[in-house]
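Here's the structure, in structure tokens; my notes come after.
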Amino acid sequence: MTVLRKVLMANRGEIARRVFRTCRDLGIGTVAVFSDADEDLPFVREADAAVRLPGTAPADTYLRGDLVVAAALRAGADAVHPGYGFLSENADFARRVLAAGLTWIGPKPESMEQMASKVEAKRLMAAAGVPVLTAPPPDRITGADLPLLVKASAGGGGRGMRVVRVLGDLERILEEASAEAKSSFGDSTVFCEPYVERGRHVEVQVVGDTHGNVLVLGERDCSVQRRHQKVVEETPAPGLRERTRSALHETARTAAAAIGYVGAGTLEFLLDDTENEQRFYFLEMNTRLQVEHPVTECVTGLDLVALQIAVAEGESLAGPSVEPVETRPRGHAVEARLYAEDPAHDWQPQSGTLARFDIPDVDVTFAVRSGAASSGVRLDAGFEAGNVVGTHYDPMLAKVIAWAPTRAQAVRRLAAVLARARIHGLRSTRDLLVEVLRHPAFAAGQVSTAFLADHALTSLESRGTPGTMQERARAFLAAAVAVTEAAAARRPVQQRTPVAWRNVVSAPQLTTFGHQGTKIEVGWYAGRDGYRLSDLNDEVRRARATSVRQAGPDCWEIVVEQDGVRHPFEVYLDDDRVDVESAGGHLPLTRMPRFVDPADEHASGSLLAPMPGTVVSVVVEQGGEVEAGQPVLVLEAMKMQHTVAAPHAGTITELPARAGQQVAAGAVLAVVSEDAVQSGEHGGDDE
């Protein structure tokens, strides 16, 4: 029987904090490893000891198994927990840990190898009678085989995955997916399988021990995805027929037992859900803890990390020293992944300082639900207010989980908590998550991997400002009032004098904001009855800011009344940044000068870096002709590759970007100048 005393976490962020929480509960010491980019993050501070891995790139830090093992030995750890991602499913790393005399908190390396290659895993499952999806080798694919999904053999999380719909794109997409797989997992191997347009992603949680016991802890539906990466997860899976559920669970148990699986793992399936039949196909087995494991913990009351540790110490899951396990779920749990991404602009990762990060009504953090509570909210976050979100790693900020007796209650609770969250300093997926959770189709359990593509979500639209005309007007008025009142409060004299009040009304005052690249001028008047907009539209003009209160050094509470209805706003001011919060969502603005120096403006057709990153490749030449939407270069940030395309047809007149170059957000990568005829400019007559 092994007794663990100190565990090194070979990972970062929220999963490191999650494992540390259980270790503290069990009286086990903790060790963190951290890159230079992560030095100031909470997980480093919360560990009992921490060892620096010099550098920032994953290949130089968290993917260096030799450095991680050396750190464990130096810090006196006797075990290593891999978390998920990075080296968590690397059999060679597991063997290195074991060879150093350390305990590996995970499955046997042999099991990892069997499942590490998705190609080999499918072969094994097919031999065991489990249904799988197959496609011809790339050199034998024809148009009849389309659409196809290209996947990385050695990893997951949506990286190295691409959909092929046109046969002529196959070679290019294979190269892109292979490059991304190599960058993320150190293995460039990819394969193809048939792409089910509107399938459901359903997975089964298992835990095995060294005594031959395999627990099946229910299934999770993870169908709502973007770029093949999960956005919302829940358990139990909605609308699953009992015979399908039983078959899934039994298949998962058989598969785990067949390879003598030890530890926590997940069998992932694609469910083809039709009116008459529910058929499932094996996709892969993740030989590690899943990102979405909290929803299982919330409905079973089990601590999956504690079970991992118990198994690593040699305990039997059916033994007297392990509390009885109840595998039937109690209630329903839903998890939303909160990312630093801009959904309206192709999910571009965001970076910068997290100025404000407040999730309300949280009952537990990183822990199994409190006692016998039938409902609650859990937060697993890797960041806190003041932390810098960089570009080197996954852009997930946190996971927010709600559980309740019914699905409808859990979904409504989670949506309400997210709607009242305050996340400022960079764009996030908060509003998108709220919109998904409140969508009628989601409420009805009508989910699939095409959910975001099938529904016209306003959070995915790149359209200046959200809401109706009246909602936008109220939000802009609140922002202008807060900026004006803050300026008045800073004056050394006459602080209580109404700002810009005049006996004779002349031209309106103007406050200028920037929003998603658009300049917005807000005209307003101030009088005895408050502030009002100068807009000529009667409906908009009726909106008046009737109550103004400074709630804190950087927060103003503004009440805008319109047609007898009062609408409260919170406006946060941080330097030039203005964040407007209301029941309508988050409106991020930037205070701008009314007149911009021409030297600060970019030439028309400039392609600007949407985030800091590395130029992977440049696929055009200066002087070359391009069509609208044609790829110009590929930029890598946060372990994902992003294609930067031409905004219109024209000529590449400037091309400062070079492969391998590090670029800052807003840097000019290329300039595409429209041809004279296309731009409507014509020369004089030649005749």
Side-chain angles (χ1 to χ4, degrees), residues 9 11-22 37-38 40-46 83-85 157 222 224 226 229-234 289-298 305 333-343 347 349-369 376-403 410 413-437 459 579 581 585-586 638-639:
M9 186 62 199
N11 218 295
R12 63 181 296 275
E14 55 87 20
I15 186 57
R17 300 182 78 188
R18 165 69 189 91
V19 172
F20 291 164
R21 170 62 186 261
T22 291
D38 286 344
D40 296 324
L41 291 189
F43 81 93
V44 180
R45 181 179 67 250
E46 292 173 359
Y84 50 74
C222 309
V224 181
R226 64 96 175 95
Q229 191 167 35
K230 301 158 189 173
V231 174
V232 177
E233 302 108 346
E234 60 181 307
L289 196 66
Q290 288 280 85
V291 177
E292 56 274 17
H293 76 274
V295 292
T296 297
E297 294 183 327
C298 287
V305 175
V334 187
E335 172 181 293
R337 297 192 191 188
L338 190 58
Y339 279 88
E341 292 179 335
D342 184 357
W347 305 93
Q350 306 293 294
S351 62
T353 300
L354 195 58
R356 193 166 289 101
F357 188 72
D358 178 24
I359 309 295
D361 301 332
V362 171
D363 296 286
V364 293
T365 56
F366 302 104
V368 177
R369 66 186 188 181
V377 175
R378 168 173 165 173
L379 175 65
D380 287 18
F383 294 88
E384 296 175 343
N387 291 154
V388 174
V389 179
T391 61
H392 303 286
Y393 315 113
D394 189 275
M396 186 168 69
L397 300 173
K399 302 176 301 194
V400 188
I401 308 100
W403 75 90
R413 179 78 180 274
L414 182 57
V417 167
L418 288 169
R420 289 184 287 111
R422 301 294 181 254
I423 305 161
H424 301 158
L426 39 75
R427 295 190 184 108
S428 77
T429 57
R430 193 279 301 262
D431 287 350
L432 170 82
L433 294 171
V434 173
E435 191 174 4
V436 168
L437 293 167
S459 302
D579 292 284
E581 295 280 2
H586 176 215
M638 293 183 176
K639 299 198 293 184

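The two residues S428 and P343 make their nearest non-hydrogen contact at O-CD, 4.0 Å. Scanning both residues, I359 and A421, for their nearest heavy atoms gives CD1-CB, 3.7 Å. Contact detail for L433 and A336: the closest heavy-atom pair is CD1-CB, 3.9 Å. Considering all non-hydrogen atoms of both residues, A340 and V389 come closest at CB-CG1, 4.2 Å. For the pair F383 and V388, the tightest heavy-atom approach, listed with the atom from each and the gap, is CE2-O, 3.8 Å. Nearest heavy-atom pair across G85 and N11 is O-ND2, 4.0 Å.
A distance of 6.5 Å separates CG of L397 from CG of L426, quoted to the nearest 0.5 Å. In this structure, Q350 CD and E341 CD are separated by 8.5 Å, a value rounded to the nearest 0.5 Å. One distance of note links NE2 of H392 with CG of D38; it measures 9.0 Å at 0.5 Å rounding. Atom CG of L41 sits about 10.5 Å away from atom CD of E46, to the nearest 0.5 Å. The line from CG of D342 to CG of L432 is 10.5 Å long, rounded to the nearest 0.5 Å. The structure places CG of L338 at 4.5 Å from OG1 of T429, a figure rounded to the nearest 0.5 Å.
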Practice prompt. Show your working on side-chain contact (heavy atoms from CB on, under 4.5 Å) between R21 and T365 and close with a plain yes or no.
Written response: CA-CA 9 Å; R21 170 62 186 261; T365 56; 3.8 Å; yes
Please determine whether side-chain contact (heavy atoms from CB on, under 4.5 Å) holds for the pair Y339 and D394, giving the CA-CA distance in whole Å, both sets of side-chain angles, and the decisive distance to 0.1 Å.
CA-CA 9 Å; Y339 279 88; D394 189 275; 3.3 Å; yes
Item checked: Criterion salt bridge (Lys or Arg N to Asp or Glu O under 4.0 Å) on R422 and D358, from CA distance to verdict -> CA-CA 5 Å; R422 301 294 181 254; D358 178 24; over 6 Å; no
> Checking salt bridge (Lys or Arg N to Asp or Glu O under 4.0 Å) for the pair D579/R430: CA distance, chi angles, key distance, verdict?
Replying inline: CA-CA 14 Å; D579 292 284; R430 193 279 301 262; over 6 Å; no
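The salt bridge (charged side-chain N to carboxylate O under 4.0 Å, His left out) search around K230 returns E203, E268, E292, not counting sequence neighbours. The salt bridge (charged side-chain N to carboxylate O under 4.0 Å, His left out) search around R356 returns D554, D574, not counting sequence neighbours.
Ion pairing between a basic and an acidic side chain is recognised when a charged N comes within 4.0 Å of a carboxylate O; K399 and E233 show no such pairing.
Just one residue in the list L414, V295, V400, I401 forms a side chain to side chain contact (heavy atoms under 4.5 Å, CB included) with V334, and that residue is L414.
Between I15 and F43, the closest side-chain pair of non-hydrogen atoms is not below 4.5 Å. By the 4.5 Å heavy-atom criterion applied to side chains, R45 and E384 are counted as neighbours. T296 is not listed as a side-chain neighbour of Q290, based on a closest heavy-atom distance of 4.5 Å or more. Using a 4.5 Å heavy-atom threshold, the side chains of P42 and N387 count as touching. Side chains of V364 and E297 form no contact here, defined as non-hydrogen atoms less than 4.5 Å apart.
Side-chain atoms of R17 do not come within 3.5 Å of backbone N or O of G382 as any donor-acceptor pair.
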